Amino acid sequence: MNQAGVNEKYKVSPFYVFFIMHSMQTGLGVLNFQRDLAKATGTDGWISIILAGLIVHILIWLIYKIFSIVPGDIISANNHALGKWIGNFFSLLFILYFFILGMTIIIGYINVLHVWMFKEVPSWAFALVFLVLIYYIITGGFRTITGIAFLSVIVSFWLLFIPLYGFKYADFTSFLPIFDHTLIEIMKGTRSSSLSMLGFEMILMYYPFIKNPETSQKYAHGGALTTTLLLLLLYFVSTVFYSQKQLALTLWPTLTLTSIIELPFIQRFEYITVSWWNIVIITNMVLPLWAASRGIKRLFNVQQKYPLWVMFMIILLVNIFFFDLESLHILNIIINPYSVSFLVLYLPLLLVLLSIKKWRKRL
């Protein structure tokens, strides 16, 4: 029985999981993941990306195995495996993680807008506009969120061809040497790449909103594979366009690369890229905050709009009283060291506990 209790009319077809998965993974990390990866693994960064992609696929497989035992969401699974009180504690950790992730993405994109376009506009003004849009989308329900994810992938597909312009100035010898780094360096790069692929874990909350969810696994893997291939393409283009020293020092390699495009009627093409990226990243803003507010609704049986108001107020206050870089640095300290490690450790443990309970029931 689906403990999350989602009405059939609010569910979406399994096919849309591909778009939700891919759009949630394609966010701020795509703009600057090359920098950290170049510092850790240099020309062998592609190995780290492939390994990170494999880890994500394994975690997606684990999530579907968990929900094959306990249909529902992560709150249902936690309560079933750990009991009400301990289960609710871990559910609160997931809710806090979803909220911090959503806030980090909003502040991170506002920082991009400040650096590249509107330096004088205060952070809170951008935050207010984004929060009104996010609230409108979330109150439309999960089907509206799915529609936004679908459109963000479709209308932004043309952005894929922009980095290819870098091949015009490519030095393919920059991709050499390969297999020139230690296993420890490769694994360090894998951790950096994994952070760029975060977002797949949102399925822990929206799984009950999928029709025949067990059939959606192939689409989830397809979305994650598409993200992995996109990161591989961007890293290859960046490696042959920049020198390794340049790549390690460039804060936003993807955006800097687009700034070389020259058209007779557009002087600053990166303005188009940064502006259009709002369409790409809107799912990244909406889905974590939806997941956090949905989790509070499930735990405390309150209307979803009330936790949304509280979260929006916190985000707005952070943007009023802290500078972008200060708040972004603090949030990254919270998210980066622990998120991937927590998921890698917790999901297998949860599956083991659920499997043991299932085995005991059969005896």
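The figures that follow rest on heavy atoms only: side chains count, while hydrogens, waters and symmetry mates do not. This is a predicted model, so every value here is computed, not measured.
Of all heavy-atom pairs between Leu231 and Phe33, the closest is O-CZ, 3.4 Å. Here the closest non-hydrogen pair linking Thr26 and Val280 is O-CG1, 3.6 Å. Taking each heavy atom of Gly87 and Asn78 in turn, the nearest pair found is O-CB, 3.5 Å. Closest non-hydrogen pair, Lys357 versus Ala81, comes out as CE-O, 3.8 Å. Summarising the geometry of Val6 relative to Lys11, their closest heavy-atom pair is O-CE, 3.6 Å, with the distance given to 0.1 Å. Scanning all heavy atoms of the two residues, the minimum distance from Ile66 to Leu347 falls at CD1-O, 3.7 Å.
Residue Gln303 holds its CD atom at 12.5 Å from OG of Ser293, rounded to the nearest 0.5 Å. The line from OG of Ser123 to CG of Leu128 is 12.5 Å long, rounded to the nearest 0.5 Å. Remark: Ile148 CD1 to Ile134 CD1 distance equals 11.5 Å, nearest 0.5 Å. How far CG of Leu247 is from OG1 of Thr239: 6.0 Å, rounded to the nearest 0.5 Å. Separation of atoms CD1 (Ile314) and CG (Asn319) is listed at 12.5 Å; rounding is to 0.5 Å. Between Glu270 atom CD and Trp116 atom CH2 the span is 5.5 Å, to the nearest 0.5 Å.
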For this session: Could you walk me through whether Arg35 and Thr250 pass side chain to side chain contact (heavy atoms under 4.5 Å, CB included), step by step?
Result: CA-CA 7 Å; Arg35 183 172 182 246; Thr250 305; 5.8 Å; no
For this session: Kindly determine whether Glu201 and Leu59 satisfy side chain to side chain contact (heavy atoms under 4.5 Å, CB included), including the steps that lead there.
Result: CA-CA 8 Å; Glu201 69 279 6; Leu59 292 176; over 6 Å; no
For this session: Please test Leu289 against Phe99 for side chain to side chain contact (heavy atoms under 4.5 Å, CB included), starting from the C-alpha separation and ending with a verdict.
Result: CA-CA 6 Å; Leu289 296 178; Phe99 169 59; 3.9 Å; yes
For this session: Please report the C-alpha distance between Met187 and Leu51 in whole Å, then the side-chain angles of each, then the deciding distance to 0.1 Å, and finally whether the side chain to side chain contact (heavy atoms under 4.5 Å, CB included) criterion is met.
Result: CA-CA 8 Å; Met187 294 310 297; Leu51 289 176; 4.3 Å; yes
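Other residues, nucleotides and ligands contribute only 12 or fewer heavy atoms inside 6.0 Å of the CD1 atom of Ile86. The 12-atom threshold is not exceeded at CG of Asn301, counting heavy atoms of other residues, nucleotides or ligands nearer than 6.0 Å. Trp158 CH2: more than 12 foreign heavy atoms inside a 6.0 Å radius. Heavy-atom contacts from other residues, nucleotides or ligands closer than 6.0 Å to CD1 of Ile184 number 12 or fewer. The neighbour count for Met117 CE, taken as heavy atoms of other residues, nucleotides or ligands under 6.0 Å away, is above 12.
In this structure, the side chains of Gln25 and Thr228 stay at 4.5 Å or more apart for every pair of heavy atoms. By the 4.5 Å heavy-atom criterion applied to side chains, Met103 and Pro288 are not counted as neighbours. Considering only heavy atoms from C-beta on, Val302 comes within 4.5 Å of Ile296 through its side chain. Contact of the Asp44 side chain with the Ile178 side chain is registered, since non-hydrogen atoms from C-beta on lie closer than 4.5 Å.
A single hydrophobic cluster is seen to contain both Phe175 and Leu232, as judged by linkage of ILVMFWY side chains at heavy-atom distances under 4.5 Å, directly or through other members. Two different hydrophobic clusters hold Val352 and Leu62 under the rule that ILVMFWY side chains link at heavy-atom gaps under 4.5 Å. In the hydrophobic clustering of ILVMFWY residues, with side-chain heavy atoms under 4.5 Å counting as a link, Leu249 and Trp252 come out apart. By the criterion of side-chain heavy atoms lying less than 4.5 angstrom apart, applied directly or through intervening Ile, Leu, Val, Met, Phe, Trp or Tyr residues, Leu345 is not grouped with Leu96; the two fall into different hydrophobic clusters. Both Ile154 and Leu229 belong to a common hydrophobic cluster when Ile, Leu, Val, Met, Phe, Trp and Tyr are linked at side-chain heavy-atom distances under 4.5 angstrom.
Tyr242 and Gln34 share no donor-acceptor pair across their side chains, judged by distance under 3.5 Å alone. Checking Ser91 against Asn88 by side-chain atom types alone, no donor-acceptor pair falls below 3.5 Å.
Panel note: side chain Thr190, backbone Ala52; no donor-acceptor pair is recorded below 3.5 Å. Ser152 places a side-chain N or O within 3.5 Å of a backbone atom of Ala149 that can act as its donor or acceptor partner. Side-chain N or O atoms of Ser76 include none that pairs as donor or acceptor with a backbone N or O of Gly72 at under 3.5 Å. At least one donor-acceptor pair under 3.5 Å links the side chain of Thr139 to the backbone N or O of Tyr136.
Screening Tyr10, Tyr207, Tyr206 for a ring-ring contact (aromatic ring centres under 6.0 Å, His included) with Phe142, the sole residue that qualifies is Tyr206. With Leu255 as reference, Thr273 is the one residue of Asn32, Thr273, Val115 to meet the side chain to side chain contact (heavy atoms under 4.5 Å, CB included) rule.
In this structure, Phe179 has its ring center under 6.0 Å from that of Trp46. Annotation: Tyr165 is not in aromatic contact with Phe161 [ring centroid separation under 6.0 Å not met]. No close placement of the Trp309 and Phe312 rings is indicated, their centers lying 6.0 Å or farther apart. Aromatic rings of Tyr346 and Phe94 (six-membered ring for Trp) have centroids within the 6.0 Å cut-off, being under it.
Using bins of under 30°, 30° to 60° and over 60° for the plane-to-plane angle, the ring pair Phe236/Phe167 lands in the tilted bin.
Judged as a side chain to side chain donor-acceptor pair (under 3.5 Å), and not counting sequence neighbours, Thr41 has no contacts.
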Please table the atom pairs, donor to acceptor, closer than 3.5 Å between any side-chain atom in residues 214-221 and protein atoms at least two apart or in another chain.
from, atom 1, to, atom 2, distance (Å)
Thr215, OG1, Asn212, O, 2.6
Ser216, OG, Tyr64, OH, 2.7
Ser216, OG, Pro213, O, 2.6
Gln217, NE2, His221, NE2, 3.3
His221, ND1, His57, ND1, 2.9

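For the pair Glu185 and Lys188, the salt-bridge criterion is not met [side-chain N within less than 4.0 Å of a carboxylate O].
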